[in-house]
Amino acid sequence: MTDIIDGAALDGSVIPSAEPRTPPPGDPHLILIDGSGYIFRAYHALPPMTRPDGTPVNAVFGFAQMLEKFLNQHSSSHIAVVFDSARQTFRQEIYAAYKAHRPEPPEELIPQFALIREATEAFGVAQVELPGYEADDLIACYAKAFEAEGGRVTIVSSDKDLMQLVRERVIMLDPIKQKPIREPEVLEKFGVPPNKVAEVQALAGDPTDNVPGVPGIGIKTAATLLTEYGDLESLLARAGEIKQPKRRELLLTHAEQARISLRLVTLDCDAPLPLPVETLVARSPEPVRLAAFLAENNFRTLLARLGLGDGAPPNRPRPVAAPLADEPADPLEIPFGNYDCVTDLETLKTWVAKGRAAGVIGLDTETNSLDALAADLVGICLAVAPGKACYIPLRHAGADLLTESPAQIPAEAAIEALRPLLEDPAVLKVLHNAKYDLEVLANPKNGGIQVAPLDDTMMISYALEAGAHGHGMDELSQLHLRHKPISFDEVTGTGRARIPFAHVPLDRATAYAAEDPDVTLRLWHTLKPRLREARALALYEQVERRMIPVLAAMEQAGVKVDGQELARIGTDFGERLVVLEAECHRLAGRAFNVGSPKQLGEVLFDEMGLKGGKKGKTGAYSTDASVLEDLAAQGNPLPRVVLQHRQLAKLKSTYVEGLTAQIAADGRVHTDYSLASTSTGRLASTEPNLQNIPIRNEEGMKIRRAFVAEPGHVLMSADYSQIELRLLAHLAEVPTLREAFEKGEDIHSRTAAEIFHLDPANVDKEARRRAKTINFGIIYGMSAFGLGGRLGIPAGEARGIIDAYFAQYPGIRNEMERLKDEARMKGYVLSPFGRRLWIQDIGAKDPVRRAGAERQAINAPFQGGAAEIIKRAMVRTPRALREAGLKTRMLLQVHDELVFEVPEAEVEAAGATIRKVMEGVAELRVPLLVEVGQGASWAEAH
DNA sequence: TCTTGAGCGTAC
DNA sequence: GACGTACGCTCAAGAT
């Protein structure tokens, strides 16, 4: 399962270095614009210009003007502008003087670089850069990748260094002379074909880049020599044979310099691709965005030329380099609806062809179940462009038993026709909540399709705006597209009137179903570019997107649960509950429902006269555990019995019965992890929730013993020790806590010694308990009142402890204040790895709500940082296990713990591999420590 | 009869 | 008012 994405989305390079494919229809053509060349020319060609706010913009204006003109004159299926992203590259390591005398860019140009990137995005053109690589290298990489896919490539640049890339399907275009450069032009310039250009340059050198070459040898001589000797190495090897003594001497003396020069001028075409080739697909600019950009920079002539000026549209700008000639320019104006229902194979094939030509498609499935692992595929929907979508019914039935099934393509035939598209490494599939559809389609009964490569708009939204709002498709559609999609309930009805989707008439099914991939594709166009702007692209590509197949595999694997054991526990609990209930009734003097807090409150407070005020806005008595504990301490026996009843009732209903109902035919329980439901980046687990299985007391532990391994296997648990406190020591830079973690000391004892000024040997249990409470309380933003309540001491005394804590650890207080300020200023706080965690209510007038938001702001980075660390471990561990030749499977994640099923023979190797990955996944200022255990059950693995 | 929210308790 | 993040169960009241 993980394999389908691994090679693709993971490193950004979806293009395998396989045989060239048959070119898809529609002439795949990638235009790569050398952004640096454009910038340089724009800057020097135009006199200084500034915006009203004083920002220099002459290069931005020139760049935008040139780009607009170019897009107006050329069109292609794919396009990108490539920028340099480093002064320090591998070339400086080879030869320190490389480009050493290049002056720093002029001061007025520096603030314009960012604006130029904005301009590129505003025109709807992808921009590519990669730290440590020059634009030329990236151009080489993308040319190679696209050519391997059967496409052709045009490089727009006048940089002669790029001429080495010219070949049959790769040409250059000189942007000044508007002249194509093919092999003859290269031959004319260098006297050799393109594949020898680098060697000529290696001999001749290049003063502008400080490439030394061999003194006294120019391009002409170099070409002659290479033609005679074949290649540089042969020439250097046989230099002694050269007749002219001077030339011979020079070559012999400077042979090594020539070799170094060759490495400097040879472009590196094996760099990772920062963006998948598919995302470079040409698209029309969003008029609103483009107009906003042009207006912001006061580019009125361009606004006017594009028909975007004041009182602009109705005159829509013409499509610029649009992939489909008949696509209108503004996605917001393309109507929803009017979708095709595909019921014959010929039509389906045309949709498959359209999808391949588009390179990016929206995809969604319709099924008969929310449970991905159980669902039968009922239909598939595709979108090939905004507004162009279809529904392909596969297993629709008549509305009732008397009505015949509607005509549709036999499911197997349709699936086989779609498989090449859905598995095509050159077609990016965009889904919303991809994990679900991946699992449905991977199921053999639904075709066993391995969808790749993919993007997930839910995860894109989550990477951008966790905590700001939900990430369901309907919500995002209304938020970003101002469109309310047809709801599922509208189509199927609700309650007992609900009909299975397979029975919905095809016209209504199509109107609903095809809208989903249409919305998804439009959301992708809107949201994907924002990842870069929010500095969230790496988070999305390297963590969130990779989690999808990892979690799918974990869900599919499931964990074995001993149903008979659960049944025995349930019987035991049931018998004891009967006794406890009778005892409650006896102590109350009457029968009542012990499970009803309302009735219990009446018994305890109205009838028995115990004291304990009201709570909550409903005015009801609170009867929670802390209240009952207090009452029990007063000497009344009933609360104690109720507490015991509550505990067993909880275990029986939620864990014994709830869990038993979830055991699948394979004897295992398959949870559903949600990837985008928390505000901090944590996962959540549902149906069943396997992240809150009891562990803290003996009765609860019995449940955990029912989680077992297959025969011949053990369960292995690996959990991060004190990860959030380590993050506290890391983020707040607390030297003494760092030292304690480095030495492996007991962190709470160390804290106790420091805040209570005790000799470490004299820290007793109570002091340690208080220190532990405050350590965790800090991470939760706890107040003196809360701490006092927790410790059972007056708030004043708790205040003293907190003051002592902050006096000892001023860095922590500073960090807490900084986080609150950050949230107030920006509306979000940054996690330790840069994720934006949005905080609701931080600007609320209501002080209660605002205080709550401040606690969230304090807690979110710690919780979110820990979540990110374990996610990184999760995307690496399966691969590491595989590469170690192990069959160990990762089954569960519980926030700071991973659970594996390990063949007995692999225990040692798996433990070592897992620990190594988990501990090495982040470099903090304190070490990460992972505790590993194993046993026949989850209880024993701890 | 079904849906919804409160109250409670489980985990990290 | 007072400790962050989740999910699921039962009860009870209100909607259908």
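Letters go in sequence order (proteins before strands), and every chain restarts at 1. Predicted model, so just to flag it, every value in this text is computed and none were measured. Only this structure's heavy atoms are used, side chains among them; waters, hydrogens and symmetry mates stay out.
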Problem set entry | Under-4.0 Å side-chain N/O to phosphate OP1/OP2 contact, A:S685 with C:dA6 | no

Exercise. Can A:R705 and A:E698 be counted as an ion pair, charged N to O under 4.0 angstrom?
Worked result: yes

For this session: Can you figure out which of C:dG8, C:dC3, B:dG9 approaches the side chain of A:R855 most closely?
Result: C:dC3

Exercise. Can you tell me if the side-chain N/O atoms of A:T654 get under 4.0 Å from OP1 or OP2 in B:dC8?
Worked result: no

Exercise. Heavy atoms under 4.0 Å, any strand shown: does A:E897 hit a base, just sugar-phosphate, or nothing?
Worked result: nothing

Problem set entry | Distance-only donor-acceptor test, A:R646 side-chain atoms vs B:dC8 base atoms, 3.5 Å | no

Exercise. Which is true for A:A625 with a 4.0 Å heavy-atom rule: it touches a base, it touches only sugar-phosphate, or it touches nothing?
Worked result: sugar-phosphate

For this session: Ignoring backbone atoms, test whether A:S622 places a side-chain nitrogen or oxygen under 4.0 Å from the OP1 or OP2 oxygen of B:dG7.
Result: no

For this session: Verify the contact: side-chain N or O of A:S596 to OP1 or OP2 of C:dA12, cut-off strictly under 4.0 Å; return yes or no.
Result: yes

Exercise. For the side chain of A:Q856, counting heavy atoms from C-beta on, which of B:dC8, C:dC3, C:dG4 is nearest?
Worked result: C:dG4

Exercise. Are A:D672 and A:Y436 close enough that a side-chain donor and a side-chain acceptor fall under 3.5 Å?
Worked result: no

For this session: Examine B:dA11: is either OP1 or OP2 under 4.0 Å from a nitrogen or oxygen in the side chain of A:R696? Give yes or no.
Result: yes

Problem set entry | Nucleotide of C:dT10, B:dA11, C:dG4 approaching A:R682 most closely (side-chain heavy atoms) | C:dG4

For this session: Taking only the side-chain nitrogens and oxygens of A:Q599, find out if one of them lies under 4.0 Å from OP1 or OP2 of C:dA12.
Result: yes

Exercise. Across the strands shown, which category fits A:E724 at heavy-atom distances under 4.0 angstrom: base, sugar-phosphate, nothing?
Worked result: nothing

For this session: If the plane angle is over 60° it's perpendicular, under 30° parallel, otherwise tilted; pick one for A:F501 and A:F488.
Result: parallel

Exercise. If you measure from the Lys or Arg side-chain nitrogens to the Asp or Glu carboxylate oxygens, is any gap between A:E699 and A:R576 under 4.0 Å?
Worked result: yes

For this session: From the options C:dG8, B:dC12, B:dC8, select the nucleotide whose nearest atom is closest to the side chain of A:D624.
Result: B:dC8

Problem set entry | Closest to the A:P597 side chain, choosing from B:dG9, C:dT5, B:dC8 | B:dC8

Exercise. For B:dA6, does OP1 or OP2 lie under 4.0 Å from any side-chain N or O of A:K598?
Worked result: no

Exercise. A:Y805 vs A:Y809 aromatic rings, parallel, tilted or perpendicular, using cut-offs 30° and 60°?
Worked result: perpendicular

Problem set entry | Phosphate contact (C:dC11 OP1 or OP2) by A:N593 side-chain N/O below 4.0 Å | yes

Exercise. Which one, B:dC12, C:dC3, C:dC11, comes nearest to the side chain of A:Y780?
Worked result: C:dC3

For this session: Please determine, for the side chain of A:V848, which listed nucleotide (B:dC12, C:dG1, B:dG9) has the closest atom?
Result: C:dG1

For this session: Determine the contact category for A:I858: base if any of its heavy atoms lies under 4.0 Å from a base atom, sugar-phosphate if only primed atoms, P, OP1 or OP2 are that close, otherwise nothing.
Result: nothing

Exercise. For the side chain of A:Q863, counting heavy atoms from C-beta on, which of C:dA6, C:dT5, C:dC3 is nearest?
Worked result: C:dT5

Seminar exercise, completed: Side-chain contact check for A:M782: nearest option of C:dC3, C:dC7, C:dG8 is C:dC3

Exercise. What integer number of Å spans the C1' atoms of C:dA2 and B:dG5?
Worked result: 23 Å

Problem set entry | A:E901 and A:K560 ion-paired at < 4.0 Å | no

Exercise. NA contact type, A:G777, heavy-atom cut-off 4.0 Å: base, sugar-phosphate, or nothing?
Worked result: nothing

Exercise. Roughly how far apart, to the nearest Å, are C:dC3 and B:dT4 at atom P?
Worked result: 32 Å

